[in-house]
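Shown below is the structure under consideration.
Note that the structure is a prediction, hence the values are computed from the model and not measured. Reminder, nothing fancy here: chain letters follow the sequence lines and each chain counts from 1.
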Amino acid sequence: MCSNSAARVKLSTPATVWNTCSRRSDMIRVYVATGFFHHDMILVCRPQRTTCSAPGSLYCSQITEIKGMRASQFHISTTKETPNDAEIVSHQLMLRAGFIRRLGSGLYSWMPMGLRVLRKVEAIVREEMNRAGALEVLMPAIQPAELWQESGRWEKFGPELLRLHDRHNREYCVGPTHEEVITDIARREIKSYRQLPLNFYQIQTKFRDEVRPRFGVMRSREFIMKDGYSFNLGEASLQESFDQMHVAYCNMFDRMGLEYRAVEADSGSIGGAMSREFHVLADSGEDAVVYSTEGGYAANMEKAAAISQGTRGDANEAMRTVETPGVHTIAELAVQLQVDESRCLKTLLVQGVDTPVVALVLRGDHQLNEVKAEHLPEIASPLTMADADAIKAAANCDAGSIGPVGLSIPIIADADAAKLSDFVCGANENDRHLAGVNWGRDLPEPEVRDLRNVVEGDPSPVGSGTLKIVRGIEVGHIFQLGDTYSQSMGATVLDENGKPQTMMMGCYGVGISRTAAAAIEQNNDDKGIIWPMAIAPFEAVICPINMVKSDAVKAAAEALYAELQAAGIDVLFDDRPLRPGAMFTDMELIGIPHRFVVSDKLLANDEIEYRNRRAPESEVIARADVLARIV
RNA sequence: CGGGGUAUAGCGCAGCCUGGUAGCGCAUCUGCUUUGGGAGCAGAGGGUCGUAGGUUCGAAUCCUGCUACCCCGACCA
């Protein structure tokens, strides 16, 4: 955090030097409050030149920027009222606390207070990446179209890719991700297996032209991402890099004090490859995270395997047609026929590969998992529901009355749907359903697959425990790309036999700006944000009571400020001439973890009031115990 | 892309229906008082009412086009 350099520092007035301390060999440390620099720092100076109490010029051999800031020299802009377009609490609080300002749809400026948080998140991510042996690079945000045409993504990516032309009418895009660029670098730079494995990463602004940006920086169009890419020879090496990143990611989110889960994720079109998403748990999260009460299993909803229990019951009823006028949904059906939704089947028609439509059959109380369905070879990708005409052609009825009986199209049933006996389903005739239906008797045994979303209480796929479902915010994603890009772009190295081998790649992302927002979603109360220490804009704040009138309070607050700074605490000294209530409210909204109050009343007993942002009450402590409260 | 909504001072809103000198709260500035939970009083500044056109003696208000933004859905991850 320290920047060291030699510089000549102008001290505009003697008053700006308000304290000197700690003579250390031939150096003197001088605290300067203002002047040439915008904020406080320690100047380490040659003693013969440190005429600190007089205005003038001071030669400093070394300038060590120290943490801390005076509120009067910072920019604090809080509001009482919530902007009406902010929906979720992190967005509201970030605006109210003056962390971010909106420029346009999905575009945000980071104000000084917010940028402090962003930089701290970034620093932790950078440190953990470095510690894991990754090497930082910085690639252009603008990328030539040729690279994307080479990988095939220029056509595939769609409107989310912001494309533009330069003055020569050459095509470019604003990078939503950097696989192409990094692969291009790798194929030029990496020639020998001896150079592997290598892991490059960058922390950089990305742009994705989201259809509907929302929730402030949680889902913005321009955002800051850490994206890393490993290059490996062989799958074992890739797995090793992947595992290292898994550890690094756990370290990052642990250090940030976030409650998160690493979950198995669907890896999309790259079949079988390993993929882990890191979710910060919060009720407002856009994703469903599934985890097992025992055995450590965790997956996202798309991926979580549904385990079917029990066996099919005997067929006791005869199949019969029932009149169900006006019934279009499972819920209406269950009410009208007085049966449980779990005794009903719902049949969905989707576009197939070999046939125009395929029927997917689920239990009435279960939801189709579109990702699982999409992966089935019989089903067209992307998953497309059949339109009204196609339904009419295949089932001779409207969408609310389809059933598997008598259909001459492929039928795929979810495992739980296949275990029903004496069930209710659509009759392929409007306003009619069938009851007492049984597989194998009234219609052929179906193809059985896992088609559904898991539900709370399902048995865990790992054998012990049951599944729970919570909401999560995806802040990180690591996955094994394999040779997808290195193959299409020809990134090879020579192996020990002198033969070219296509490199294996891994891809590792962290949403930096989203992580900051996610931390707020997880840590707030009715007063504002409660920052985890590691990413708080300031670690502590000093609130002097009525400092304008009391020299004693001013002196004590200044001394405390110096002491905390000297201890390396990132402290905010709220020296604004505010009434206590306004000051407290601001600091609680901003969410600074530790608060120290200095007042005449307390000073009389050599005491300080301390309050942890999470604590229900403040407490009075001895002046000497201040540091112990923070570290 | 479909549906709904909004656009008036930095922020939050009223005024529009029923056309007639643009208002309130917060914030800002000045002064005095106040100082342990978003202070009080007095005063001040700040808006070509999103934009272009139309109707009218007269438009924030009625009509039309456009633009921007928000919400729901679809899409994406």
_Lys468(A): side chain to side chain contact (heavy atoms under 4.5 Å, CB included) partners, not counting sequence neighbours_ =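 Side chain to side chain contact (heavy atoms under 4.5 Å, CB included) check on Lys468(A) returns Tyr291(A), Thr293(A), Glu456(A).
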*With sequence neighbours excluded, tell me which residues meet ring-ring contact (aromatic ring centres under 6.0 Å, His included) with Phe596(A).*
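Result, ring-ring contact (aromatic ring centres under 6.0 Å, His included) vs Phe596(A): Tyr610(A).
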*Of the nucleotides G12(B), G38(B), G36(B), which one has an atom closest to the side chain of Arg96(A)?*
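For the Arg96(A) side chain, the nearest candidate turns out to be G38(B).
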*In plain terms, say whether Glu609(A) and Arg595(A) are close enough for a salt bridge, that is, a side-chain N and a carboxylate O under 4.0 Å apart.*
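Looking at Glu609(A) and Arg595(A), the cut-off is met.
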*Base, sugar-phosphate alone, or nothing: which one does Arg595(A) contact when heavy atoms must sit under 4.0 Å apart?*
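Answer is base: heavy atoms of Arg595(A) come under 4.0 Å of a base.
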*Salt bridge between Arg219(A) and Glu210(A), side-chain N to carboxylate O under 4.0 Å?*
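Yes, this pair counts.
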Under 3.5 Å between N/O atoms: give me all the protein pairs with nucleotides 30-35 of chain B, atom names plus distance.
from, atom 1, to, atom 2, distance (Å)
U34(B), O2, Arg579(A), NH1, 2.6
U35(B), O2', Asn546(A), ND2, 3.1

*asked:* Using a 4.0 Å heavy-atom cut-off to protein, can you give one letter per nucleotide of nucleotides 66-77 of chain B, 5' to 3': B if the base is in contact, S if only the sugar-phosphate is, - if neither?
replied: ---SSSB-BBBB
*Should we say atom CG of Asp525(A) is surrounded by more than 12 heavy atoms from elsewhere, each under 6.0 Å from it?*
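Enclosed.
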*Are Phe200(A) and Tyr229(A) close enough that their ring centres sit under 6.0 Å apart?*
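No, they do not, as the ring centres are separated by 6.0 Å or more.
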*What is the nucleic acid contact for Leu95(A), judged by heavy atoms within less than 4.0 Å: base, sugar-phosphate only, or nothing?*
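The residue Leu95(A) makes no contact with any strand.
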*asked:* Using the C1' atom as the point on both nucleotides, what is the distance between U30(B) and C71(B), in whole Å?
replied: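 43 Å, rounded to whole Å.
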*With Asp600(A), which residues qualify under salt bridge (Lys or Arg N to Asp or Glu O under 4.0 Å), at least two apart?*
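Applying salt bridge (Lys or Arg N to Asp or Glu O under 4.0 Å) to Asp600(A) gives none.
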*Do Ser513(A) and Leu118(A) have side chains that get closer than 4.5 Å, going by heavy atoms?*
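Result yes, sub-4.5 Å side-chain heavy-atom pair found.
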Under 3.5 Å, N/O pairs linking protein and nucleotides 8-10 of chain B:
none

*Nearest of G37(B), G38(B), G36(B) to any side-chain atom of Glu588(A)?*
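Shortest atom-to-atom distance from the side chain points to G37(B).
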*asked:* Can you confirm if the aromatic rings of Phe157(A) and Trp148(A) lie within a centre distance of less than 6.0 Å?
replied: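 Centroid separation for Trp148(A) and Phe157(A): below 6.0 Å.
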*asked:* Looking only at the side chain of Asp586(A) (C-beta and beyond, no hydrogens), which of the listed nucleotides G36(B), G37(B), G38(B) gets closest?
replied: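 The closest nucleotide is G38(B).
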*asked:* Once you apply a heavy-atom cut-off of 4.0 Å, does Ser77(A) come out as touching a base, just sugar-phosphate, or nothing?
replied: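 No contact.
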